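Read the numbers this way: they start at 1 and go in the same order the structure lists the ligands and their atoms. Model, not experiment: these values are computed from the prediction.
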Amino acid sequence: MDTTGIAALRNPRTNKGSAFSGAERRALGIEGFLPTVEDSLEVQIGRVHVQLDALAGDFQKYQFLSDLQIRNETLFYAVLMSDPAAFMPLVYTPTVGEACQQFNRFFRATRGMYLPITARGRVKEILSHWPEKDIRFIVVTDGERILGLGDQGIGGMGIPIGKLALYTACAGVPPQFTLPVMLDVGTNNQELLDDPLYLGLRQNRVRGDEYDAFIDEYVRAVQELFPKCCIQWEDFANFHAVPILERYGGKICTYNDDIQGTAAVALAGIFGALRISKQQLTDQRFLFLGGGAAATGIAELISEAMALEGIPIADGRARNWLFDVNGLLVSSRGDLADFQKPFAHDHPPVASFVEAIRALRPTGIIGVSTVPKLFNQPVIAAMAGINASPIIFPYSNPTSRSECTAEEAYKWSDGRAIFASGSPFGPVEIDGKKIVPGQGNNVYIFPAMGMAVLATQASRVPQELFIAAAKAVAAQVSDADLASGLIYPPQSHILEASLETATKIAEVIFERGLAGIPRPDDIGAHVRSLAYKPAYPANPANPA
Ligand code: NAD
């Protein structure tokens, strides 16, 4: 790769912009291409903040940051890592949703790889065009179930790009090891098909054997070209996400954050809650409002965590009950899918959620129904009547879908609820005491998982790693935060938190013999030594 002359300014990895020193400008043959002053990275970060402040909307800021990433990667990450909690909503949810919807209108510079299903038979050849040869981490989507926005076709590429930026900004996964991938299999979104600016295959989604064969070819191509690579599946429709995970999960290094990361962050909240209530996991009983992918994924991970604490997995599953749009999931129901059956227990039918609470006496309720306001006053009061510290987790996103607000949960439980939600809520004052609600954001889990996998060259990502991640996140909540009701660590220190979580995950990877490298004496130091730091290369003509 030519990194001298004008190419040094065009390569985002070597470009320093106004921070090239006089000596570097001479050595690279770029004197005269830049204004006179030699800036420091700090001054450049300040200038980016000035430019961002001048922009009116979050989508404009997203676009500006995307352009910066393609122009000067070091400065992009230096800006993000200067305040990750503030930049997360700009490079990922919620702003990335609009970016996916606007992708075809505002497409500018390219990033990552696009693999259309029409290129079947040539996937490996196309993937081999990527300039980096040591890829360790791919986030891939087919754009079918983008956030809560449904089928965005090729515009779904915003998700792998944004998510990988968080792997780097929040856990230090070096960007040169990452690759965003879009598998273009068409779209069933008629608006996109009718849009003359649409950038993807103008056809309905390919399904069935042809789709499966394409996924298979893609997985094989990645393994052959990048043997140390982990594949993270993202925002596939459930009817593809679950079988893909079943097909490849036990065989290669792969995971699905929508399913496993979500479950782990909920479990982290439960471990945090148990630090407040001083109870055991195996003494808990959970009732889920919702019986879909999120509910079954969380219920299964809780059951496996209970099994690790010494009870049979069947007993763990028996402590997790689901309640969906047709009532309590009981074994006599004839409308259940296979993935729900482990959580359909012997019990007479129950049609009302509050009746189910009275019958089952759960210690916690978890809302993953997508329907707002169903954790109403009778529901919360029933939980508070049974439990000294009821666990109340309304996890449905966005805020407008939350099963209750933080204020409602605290008010209706006399301030005794241990609360966390999928979307953020501000602090609440009850009887003069400030209570701080937590947000079960997957960002506590997936960047750390990526860093652990990278640092150990793990061959698989079993469920146990997600339990280890959940425990590590909960262990990092300070006593002061717990005293204020907060059960997740503050997002402002996400990098340090992720490196600690990655270390704990890596320990399990080594213990289970899943690592591709010998166990280092100090796993934490090893993980930290690999973490990306946004600093300009000392020798831009020959970057590391
Ligand atoms: P899904 O569509 O697979 O499942 C929804 C379930 O809710 C179904 O079982 C349905 O029967 C049930 N339901 C619908 N209306 C109901 C009603 N009136 N009463 C009882 N049950 C009802 O969806 P999913 O993928 O499981 O996601 C559910 C929610 O969880 C979404 O809002 C999503 O945003 C949220 N979620 C949050 C996080 C997070 O915050 N980390 C992660 C993943 C999912």
Side-chain angles (χ1 to χ4, degrees), residues 88-89 92-94 97 144-150 159 163 166 233-242 245 256-270 272 287-301 320-329 333 335-341 343-344 349-357 365-376 379 392-404 406 419-425 437-447 449 466 469-470 473 487-488 491:
M88 257 187 259
Y92 202 60
T93 55
E144 183 155 14
R145 202 237 59 196
I146 295 301
L147 309 169
L149 304 168
I159 296 292
K163 197 137 193 173
L166 297 193
W233 309 90
E234 183 74 22
D235 284 2
F236 285 70
N238 280 336
F239 51 83
H240 283 141
V242 174
L245 192 58
N256 181 311
D257 182 60
D258 302 316
I259 300 172
Q260 295 165 291
T262 295
V265 82
L267 183 61
I270 291 166
L287 175 61
F288 290 76
L289 185 72
T296 50
I298 300 168
E300 179 60 21
L301 197 69
N320 285 277
W321 292 77
L322 313 186
F323 187 105
D324 74 0
V325 69
N326 295 320
L328 189 65
L329 269 70
R333 266 177 62 171
D335 62 339
L336 301 179
D338 282 348
F339 70 93
Q340 295 171 313
K341 287 181 182 160
F343 304 103
V350 181
S352 123
F353 190 65
V354 75
E355 278 310 314
I357 291 175
I365 51 174
I366 300 176
V368 273
S369 66
T370 72
V371 186
K373 299 290 164 208
L374 293 182
F375 288 177
N376 52 23
V379 163
I392 311 282
F393 287 0
Y395 259 36
S396 286
N397 290 319
T399 314
S400 60
R401 300 274 178 94
S402 190
E403 282 82 1
C404 66
F419 177 94
S421 51
S423 299
F425 287 103
Q439 185 199 358
N441 190 326
N442 293 25
V443 81
Y444 289 115
I445 305 290
F446 68 79
M449 188 61 69
F466 289 92
V473 170
I487 52 172
Y488 290 103
Q491 288 183 15

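- Between Gly292 and ligand 1, at least one pair of N/O atoms sits closer than 3.5 Å.
- For the side chain to side chain donor-acceptor pair (under 3.5 Å) with Asn442, the lone residue among Thr262, Thr93, Asp258 that qualifies is Thr262.
- The residues Lys373 and Glu403 are annotated as not salt-bridged, no charged nitrogen and carboxylate oxygen being separated by less than 4.0 angstrom.
- Nearest protein neighbour of atom 13 (N) of ligand 1, counting heavy atoms only, is Ser369 O, 3.7 Å.
- Considering both main-chain and side-chain atoms, Ala294 comes within under 3.5 Å of ligand 1 through a nitrogen or oxygen pair.
- Near Gly440, meaning under 4.0 Å from one of its heavy atoms, ligand 1 places the atoms 39 (C), 40 (O), 41 (N).
- The closest protein non-hydrogen atom to atom 29 (C) of ligand 1 is Ser396 OG, 3.7 Å.
- Taking all heavy atoms of Leu329, Asp335, Val325 into account, the minimum distance to atom 21 (N) of ligand 1 is reached by Val325.
- Contact annotation for Val371 and ligand 1: only side-chain heavy atoms (C-beta onward) come within less than 4.0 Å of the ligand.
- Protein heavy atom in closest approach to atom 12 (C) of ligand 1: Gly290 CA, 3.8 Å.
- Across Val265 and Asn441, no two heavy atoms sit closer than the pair CG2-O, 3.2 Å.
- Scanning all protein heavy atoms for the shortest distance to atom 3 (O) of ligand 1 gives Ala293 N, 3.2 Å.
- In terms of protein heavy-atom proximity, atom 31 (C) of ligand 1 is nearest to Thr370 CG2, 3.6 Å.
- In terms of heavy atoms, Asp257 sits closest to Lys163 at OD2-NZ, 2.6 Å.
- Here the side chains of Arg145 and His240 are not in contact, with every heavy-atom distance at 4.5 Å or above.
- Contacts between Val368 and ligand 1 below 4.0 angstrom, taking non-hydrogen atoms only, involve backbone and side chain alike.
- The residue Asn326 has no part lying near ligand 1, judged by heavy-atom distances below 4.0 Å.
- Across all their heavy atoms, Leu328 and Ala356 have their closest contact at CD1-CB, 4.4 Å.
- With 3.5 Å as the limit, one finds no donor-acceptor pair spanning the side chains of Gln340 and Thr296.
- If you look at Leu322 next to ligand 1, there are no close heavy atoms at all, none under 4.0 Å.
- Using cut-offs of 30° and 60° for the angle between ring planes, the Phe236 and Trp233 rings count as perpendicular.
- Against a heavy-atom cut-off of under 4.0 Å, Asn238 is close to the following atoms of ligand 1: 3 (O).
- Residues Val473 and Ile445 are in side-chain contact: their nearest non-hydrogen atoms beyond the backbone lie under 4.5 Å apart.
- Distance remark: protein heavy atom present below 4.0 angstrom from atom 36 (N) of ligand 1.
- Nearest heavy atoms, Gly272 versus Ile487: C-CG2, 3.8 Å.
- Checked by distance only, ligand 1 and Leu374 stay at 3.5 Å or farther apart across all their nitrogen or oxygen atoms.
- Where the criterion is an N or O separation shorter than 3.5 Å, residue side chain and backbone included, Asn441 fails it with respect to ligand 1.
- Between Asp258 and ligand 1, no N or O atom pair is found at a separation short of 3.5 Å.
- Of all protein heavy atoms, the one closest to atom 41 (N) of ligand 1 is Asn442 OD1, 2.8 Å.
- Close N/O approach between Leu289 and ligand 1 is not found [any backbone or side-chain N/O within under 3.5 Å].
- Atoms of ligand 1 found under 4.0 Å from any heavy atom of Tyr395 (numbered from 1 in listed order, with element): 35 (C), 36 (N), 37 (C), 40 (O).
- Ion pairing between a basic and an acidic side chain is recognised when a charged N comes within 4.0 Å of a carboxylate O; Asp324 and Arg333 show such pairing.
- At least one side-chain heavy atom of Pro394 sits less than 4.5 Å from a side-chain heavy atom of Cys404.
- Using the six-membered ring where Trp is involved, Tyr488 and Tyr444 have ring planes that are parallel, under 30° apart on the 30 and 60° scheme.
- Ring-plane geometry between Phe353 and Phe323 is classed as perpendicular, the angle between the planes exceeding 60 degrees on a 0 to 90 degree scale with a lower cut at 30.
- Closest to atom 40 (O) of ligand 1, if we only count protein heavy atoms, is Asn397 ND2, 3.1 Å.
- Short contacts between ligand 1 and Gly291, defined as distances under 4.0 Å to a heavy atom of the residue, involve ligand atoms 6 (C), 8 (C), 9 (O).
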